[in-house]
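Structure first, then comments.
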Amino acid sequence: MTEAVQISEITRAFEAHAIDNTTFAHAEHVQVAFDLLRKYDFIDAAAIYAKGIRTLATNAGAPGKFNLTITYAFMSLIAERMAGNSHQNFNEFVSENPDLMSKNVLGKWYGNDRLNSDLARGVFLLPDAA
């Protein structure tokens, strides 16, 4: 991702760790993931994203809410949907992938107990549902 990419203000704030966690809802999570994946390759984007989400949870006084499996699974799903497509902007991407706006989209691949387990919070778990 060497070309200059326009990213949203929320992503700039996220990268600077200057975001208000009370206004960072699911749609903003998806927006930031989209922007980071346009700006960086997957490995760097995923690391920046996970560290940022973990920092948000810690700053909110709830470090136990961070879930590595959810974070990496969502990031991977967004990256897969972006691969091979040249979405001009986030709104176009969302209009083509409305299911990503549901917090429950990972339920297609993960059982609730597995996805919300203590192990899933600290280790990336592979899906358990086909």
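Everything quoted here is computed from the prediction, not taken from an experiment.
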Nearest non-hydrogen partners of P127 and R114, listed with the distance: C-NE, 4.3 Å
Spatial distance of atom CG (N104) from atom CG (D99) [nearest 0.5 Å]: 11.5 Å
Please confirm whether the backbone N or O of G64 pairs with a side-chain atom of R121, one donor and one acceptor, at under 3.5 Å? yes
N89 (side chain) donor-acceptor with N91 (main chain) under 3.5 angstrom: yes
Can you tell me how far the NE2 atom of H87 sits from the CG atom of N97, to the nearest 0.5 Å? 5.5 Å
For Q88, which residues count as a side chain to side chain contact (heavy atoms under 4.5 Å, CB included) partner, sequence neighbours excluded? S86, E92
With salt bridge (Lys or Arg N to Asp or Glu O under 4.0 Å) as the criterion, how do K39 and E15 come out once you've worked through the C-alpha distance, each side chain's angles and the decisive distance to 0.1 Å? CA-CA 12 Å; K39 185 175 178 182; E15 285 193 90; 2.9 Å; yes
Single hit among F34, F24, F74 for ring pair (Phe, Tyr, Trp, His ring centres under 6.0 Å) with H29: F24
Within this structure, what is the CE-CD1 distance for the pair M75 and I70, rounded to the nearest 0.5 Å? 15.0 Å
How would you list all residue pairs meeting salt bridge (Lys or Arg N to Asp or Glu O under 4.0 Å) that involve residues 43-65, not counting sequence neighbours? none
Distance-only, no hydrogens or angles: does the Y72 side chain make a donor-acceptor pair with backbone N or O of N67 under 3.5 Å? no
Within this structure, what is the CG-CG distance for the pair N116 and L119, rounded to the nearest 0.5 Å? 12.5 Å
Report the residues that fulfil side-chain hydrogen bond (donor to acceptor under 3.5 Å, both in side chains) with S8, sequence neighbours left out, ordered by chain and then residue number. T11, D35
